[in-house]
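Heads up: the structure comes next, in structure tokens.
Just so we're clear, the structure is a prediction, and the values are computed from it rather than from any experiment. Counting starts at 1 for both ligands and their atoms, in listed order.
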Amino acid sequence: MTRTPLIAGNWKMNKTHLEAQALVEDLNDALTDHDFDAVDVAVLPPFVDIRTVQTVLDAAKSSIGLGAQDISQHESGAYTGEVSAAMLKALNVTFAAIGHSERRQYHGEDEAITNAKVKAALGAGITPILCVGEPLEERRAGKHVEYTLAQLEGGLSGLSAAEAKQVVVAYEPVWAIGTGEVATPEDAQEVCGAIRDTLASLFDTDTAQAVRVLYGGSVKSSNVADIMAKDDIDGALVGGASLKADEFAALAGNAA
Ligand code: 13P
């Protein structure tokens with residue numbers, strides 16, 4: 001089973017729509033056909049930038065994929081401030097990050113919410129990028145694998161194997177996010193391998209082999225190749241290094 005690697009740039013709360021336009025234009029210019037032959041590349045801008053970025057990507061007939069950083073678990077109605085799967089789908093959004101550690105930490109998102117959001121995304125034909133990963137205390141206590149797998153099981157609860165196959169899982173240890181402290185390739189592989197084993201036991205081997213498992217946390221152009229050399233790591237969810245077109249294109253190039 002060959003899995004096409006995915007390099008996804010999570011812009012977090014950065015870039016006005018004007019800055020977003022410039023960034024995605026520069027990124028599209030910097031990426032080559034060779035990159036796109038080898039890896040899928042996507043950007044996850046803030047909601048208010050998505051329409052602008054979509055317009056640029058459409059006009060350029062770009063191969064860059066478009067994602068959102070979150071999605072509502074509700075279909076429509078009185079949910080002030082929320083953005084629905086149908087709204088995102090109408091803007092050609094094909095990915096949605098779900099359960100990012102910053103959503104879990106600052107917005108109280110738990111397994112019930114991530115699970116509902118995964119289902120909402122799948123229901124609209126949007127690929128969920130389910131984010132899992134342990135805080136520093138759990139790592140220090142040696143509980144990082146079980147903590148992360150509990151988030152995985154909760155997020156995928158009630159899915160069929162066919163649905164689970166469409167999910168992307170991103171392992172992002174909280175202590176490595178935005179800190180410059182990258183997990184070693186061995187640390188990342190330990191958990192990503194455990195994620196794949198768990199997918200096999202929750203669903204089946206076929207599903208486990210099909211699902212893309214990404215690593216995230218201080219990934220840069222200089223370390224992505226070593227991380228992705230590991231068997232169970234199929235790409236990266238990138239924060240800071242996705243905010244500069246040259247660096248993100250170099251990162252995608254090194255992943256390719
Ligand atoms: P950094 O790459 O800035 O550490 O962020 C990782 C992340 O949280 C991506 O979702």
Distance from atom 3 (O) of ligand 1 to nearest protein heavy atom, with residue and atom: Gly240 N, 2.9 Å
Can Ala241 be said to touch ligand 1, with heavy atoms closer than 4.0 Å? no
Residue and atom name of the nearest protein heavy atom (relative to atom 2 (O) of ligand 1), distance in Å to one decimal: Gly239 N, 2.9 Å
Any idea which protein heavy atom is nearest atom 9 (C) of ligand 1, and the distance to it? Glu172 OE2, 2.9 Å
Against heavy atoms of Leu237, which atoms of ligand 1 measure under 4.0 Å? 9 (C), 10 (O)
If you measure from the Lys or Arg side-chain nitrogens to the Asp or Glu carboxylate oxygens, is any gap between Lys143 and Glu138 under 4.0 Å? no
Among all the protein's non-hydrogen atoms, which is closest to atom 5 (O) of ligand 1, and how far away is it? Lys12 NZ, 3.3 Å
Glu186 and Lys230 ion-paired at < 4.0 Å: yes
Ligand-side contact atoms (ligand 1) for residue partner Asn10, heavy atom cut-off under 4.0 Å: 9 (C), 10 (O)
Below 4.0 Å from ligand 1: does a non-hydrogen atom of Ala176 turn up there or not? yes
Side chain to side chain donor-acceptor pair (under 3.5 Å) evaluation trace for Thr55 with Asp58: CA-CA 5 Å; Thr55 306; Asp58 270 8; over 6 Å; no
Atom indices of ligand 1 within 4.0 angstrom of Gly178 heavy atoms, with elements: 1 (P), 3 (O), 4 (O)
I'd like to know if Asp26 pairs up with Lys244 as an ion pair, taking the criterion as any Lys NZ or Arg NE/NH1/NH2 lying under 4.0 Å from an Asp or Glu carboxylate oxygen. no
Would you mind checking if Glu247 and Lys220 are paired as a salt bridge, meaning a charged N to carboxylate O distance below 4.0 Å? no
Can a salt bridge be assigned to the pair Arg104 and Glu111 using a cut-off of 4.0 Å between side-chain N and carboxylate O? yes
Output yes when the distance from some N or O of ligand 1 to some N or O of Gly216 is under 3.5 Å, and no in every other case. no
Does Arg103 come within less than 4.0 Å of Asp70, counting only side-chain N to carboxylate O? yes
Within a distance under 4.0 Å of any heavy atom of Ser218, pick out the atoms of ligand 1 and give their elements. 1 (P), 2 (O), 4 (O)
Taking 4.0 angstrom as the limit, do Asp231 and Arg196 come out as a salt bridge? no
Check whether any N or O atom of Glu102, backbone or side chain, sits under 3.5 Å from an N or O atom of ligand 1, and answer yes or no. no
